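What follows is a short report on a single structure.
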2 protein chains.
Amino acid sequence: MPLNKVKSAEVAATPKRQHKADAKAAAHPHAKPRPLTRIQREKQDIILEAALEVFSVHGFRGATIDQIAEVAGMSKPNLLYYFPRKEEIHRRLMAALLETWLAPLQEMNADGDPFPEIRSYIRRKLEMARDYPRESRLFANEMLQGAPRIIEMIEVDLKNLVDEKAKVLLGWMDQGKLARTDPYHLIFSIWATTQHYADFDVQVRAVLGPSRGGEGRFEDAARYLEHLFLYGLTPRPRP
Amino acid sequence: MPLNKVKSAEVAATPKRQHKADAKAAAHPHAKPRPLTRIQREKQDIILEAALEVFSVHGFRGATIDQIAEVAGMSKPNLLYYFPRKEEIHRRLMAALLETWLAPLQEMNADGDPFPEIRSYIRRKLEMARDYPRESRLFANEMLQGAPRIIEMIEVDLKNLVDEKAKVLLGWMDQGKLARTDPYHLIFSIWATTQHYADFDVQVRAVLGPSRGGEGRFEDAARYLEHLFLYGLTPRPRP
DNA sequence: AGAAATTTTGACCAGTTGGAAAAATGTTAG
DNA sequence: CTAACATTTTTCCAACTGGTCAAAATTTCT
């Protein structure tokens, strides 16, 4: 018996009519799902894009289907024709997000040298914060709520990946190529410092002020982080 | 004319009856506000505590008065007797939060030596993440939404404080006591790395696993961060 | 073109939400 | 004790929410 989804055993107190698609799928569990039409793919993309916009700001509970529909430029029932329920939209978004999210770390290569590898990992994460801030906020929102909808993926896929990369880091430390520190917290600190520029963007810009809060802030951040992770704050004698 | 609150000039499309307290205050702008009774102070505290619990998880929009009332153990109308509207509760929470939030940075002392000062700043922030995770999440939630309700405080109070401390850091750098880097991003990185342990707590615990995800994780984090900020990741020859 | 399938709309619904009003119940100073 | 005040409960409401449904409009396929 699978350990998850135990909830389905609950007695359905309210008989809750099912959505057409659900009903059809239940009737013919082996019916091949009709391939998506062009319109279906296009509209689903529009909806997901709009949902990203809304969910990333207000979180799951705070976002409404009406809002998403409005941003997507369609009526609520029309939106619900493509996604039978709010949760479904969010689920799709999160599934896509997790893949994007893991990719940069996956690229960290054990055969490379630690500093180029770590440096370009930081760069990639910082670029993601710059180019996909909504995705970053969506993820943060889910985390703040205790990740109820993705905890399993975090506990399995993400954990496995980090375990693997922590070993890589340990390997480098054993070879004396990297200071001996906690590889897990090292990874956390890279996540934290880079995602900060997406999640706390308002604060960063407000504090930097108009003169330094422009696009250049990402380059400044990259330079600073590079220095921090390489040398820390101890002053070094001028060459 | 004050620059904020311009919205009151909007034509009130719906005549929206005002709350009793509001009406009273408007009628006698100089009437001295009756001092709070014991019960009032106690109940307000209970409500704020409950609101912190709920707002920190679901954000402003996602939280409901009913939820807060239930956590506070009272009826919704009863709660509304103490705080005329949802926004008011949130405002009070944020005002109190900001003070708590700025305190640790304020303690950073220009006359001290940079490393002890920075180290203990990191410690204090990490302790806050450990001891007040809900406050941290409340703050993060507000940031994710673009800080609509506290942007002014961020732009003024927080910015001024950071400007001041950035000067302190620059002073240390000029004295050669601290590596020359961007003081603003230095402060950001301290915020990011420490608050991460509150805001992304689920993730941290999931990735560390049961063996290392216990309370000890904060000590591990402190050790790691100390090393990171002091020396970075460059390996140093053994003494 | 015309039938079949897909997409869109408008009307609708039950439950939730923020909030108001008033009546009922304490509490306290004189 | 009792009048004045503070607190709590009950009832209520309009707007919003997630979601359904049948019919109409449009697109696709033959």
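Just so it is clear: chains get the letters A, B, ... in the order the sequence lines come, proteins before strands, and each one is counted from 1. Every value quoted in this text rests on a predicted model; they were computed, and no experiment measured them.
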> Hey, does the side chain of B:Arg61 come within less than 4.0 Å of D:dT17's phosphate (OP1/OP2), counting only N and O?
Replying inline: yes
> Given A:Arg137 and B:Gln145, is the side-chain hydrogen bond (donor to acceptor under 3.5 Å, both in side chains) satisfied, shown in steps?
Replying inline: CA-CA 9 Å; A:Arg137 285 185 205 122; B:Gln145 287 160 46; over 6 Å; no
Counting only pairs under 3.5 Å, give me each side-chain donor-acceptor contact of residues 50-59 of chain B, with atom names and distances, residues two or more places apart or in other chains.
{"residue": "B:Glu53", "atom": "OE1", "partner": "B:Arg134", "partner atom": "NH1", "Å": "2.5"}
{"residue": "B:Ser56", "atom": "OG", "partner": "B:Leu52", "partner atom": "O", "Å": "2.7"}
{"residue": "B:Ser56", "atom": "OG", "partner": "B:Glu53", "partner atom": "O", "Å": "3.2"}

> Which residue lies toward the 5' end of DNA chain C, B:Phe60 or A:Ser75, if each is placed at its nearest nucleotide?
Replying inline: A:Ser75
>> Nearest heavy atom decides the nucleotide; on that basis, is A:Pro77 or A:Gln67 closer to the 5' end of DNA chain D?
In response: A:Gln67
>> Under 4.0 Å, heavy atoms only, any strand: does B:Lys76 hit a base, just the sugar-phosphate, or nothing?
In response: base
> If you look at every heavy atom in A:Ala206 and B:Ile154, which pair is closest and at what distance?
Replying inline: CB-CG2, 3.7 Å
Can you give me the N/O atom pairs linking the protein to nucleotides 23-30 of chain D at distances under 3.5 Å, or say none if there are none?
{"residue": "D:dT28", "atom": "OP1", "partner": "A:Arg38", "partner atom": "NH2", "Å": "2.9"}

> Of the non-hydrogen atoms in B:Ala221 and B:Tyr197, which two are nearest, and what is the gap between them?
Replying inline: CB-CZ, 3.5 Å
> Contact class for B:Ala63 vs. all strands (heavy atom < 4.0 Å): base, sugar-phosphate, or nothing?
Replying inline: sugar-phosphate
>> Does D:dT20 have OP1 or OP2 under 4.0 Å away from a side-chain N or O of A:Arg85?
In response: yes
> Between A:Leu80 (CG) and C:dA11 (P), how many Å, whole number?
Replying inline: 17 Å
> Just checking B:Thr64: base, sugar-phosphate only, or nothing, at a heavy-atom cut-off of under 4.0 Å?
Replying inline: sugar-phosphate
> Do A:Leu144 and B:Phe200 come within less than 4.5 Å of each other through their side chains, counting heavy atoms only?
Replying inline: no
> What's the closest nucleotide to the A:Gln40 side chain, out of C:dA20, D:dT17, C:dT7?
Replying inline: C:dT7
> Which one, C:dG18, D:dT8, D:dG19, comes nearest to the side chain of A:Lys86?
Replying inline: D:dG19
> Below 4.0 angstrom from OP1 or OP2 of D:dT9, is there any side-chain N or O of B:Asn78?
Replying inline: yes
> With respect to the side chain of A:Tyr81, which nucleotide from C:dT6, C:dG19, C:dG18 is positioned closest?
Replying inline: C:dT6
> Out of D:dT17, D:dT7, D:dT20, which has the shortest distance to the side chain of B:Tyr82?
Replying inline: D:dT7
> Closest heavy-atom contact between B:Ala129 and B:Ala198?
Replying inline: O-CB, 3.6 Å
> When you look at A:Glu49 and A:Arg92, which way does the salt bridge (charged side-chain N to carboxylate O under 4.0 Å, His left out) test go after all the steps?
Replying inline: CA-CA 11 Å; A:Glu49 157 73 23; A:Arg92 276 280 294 274; over 6 Å; no
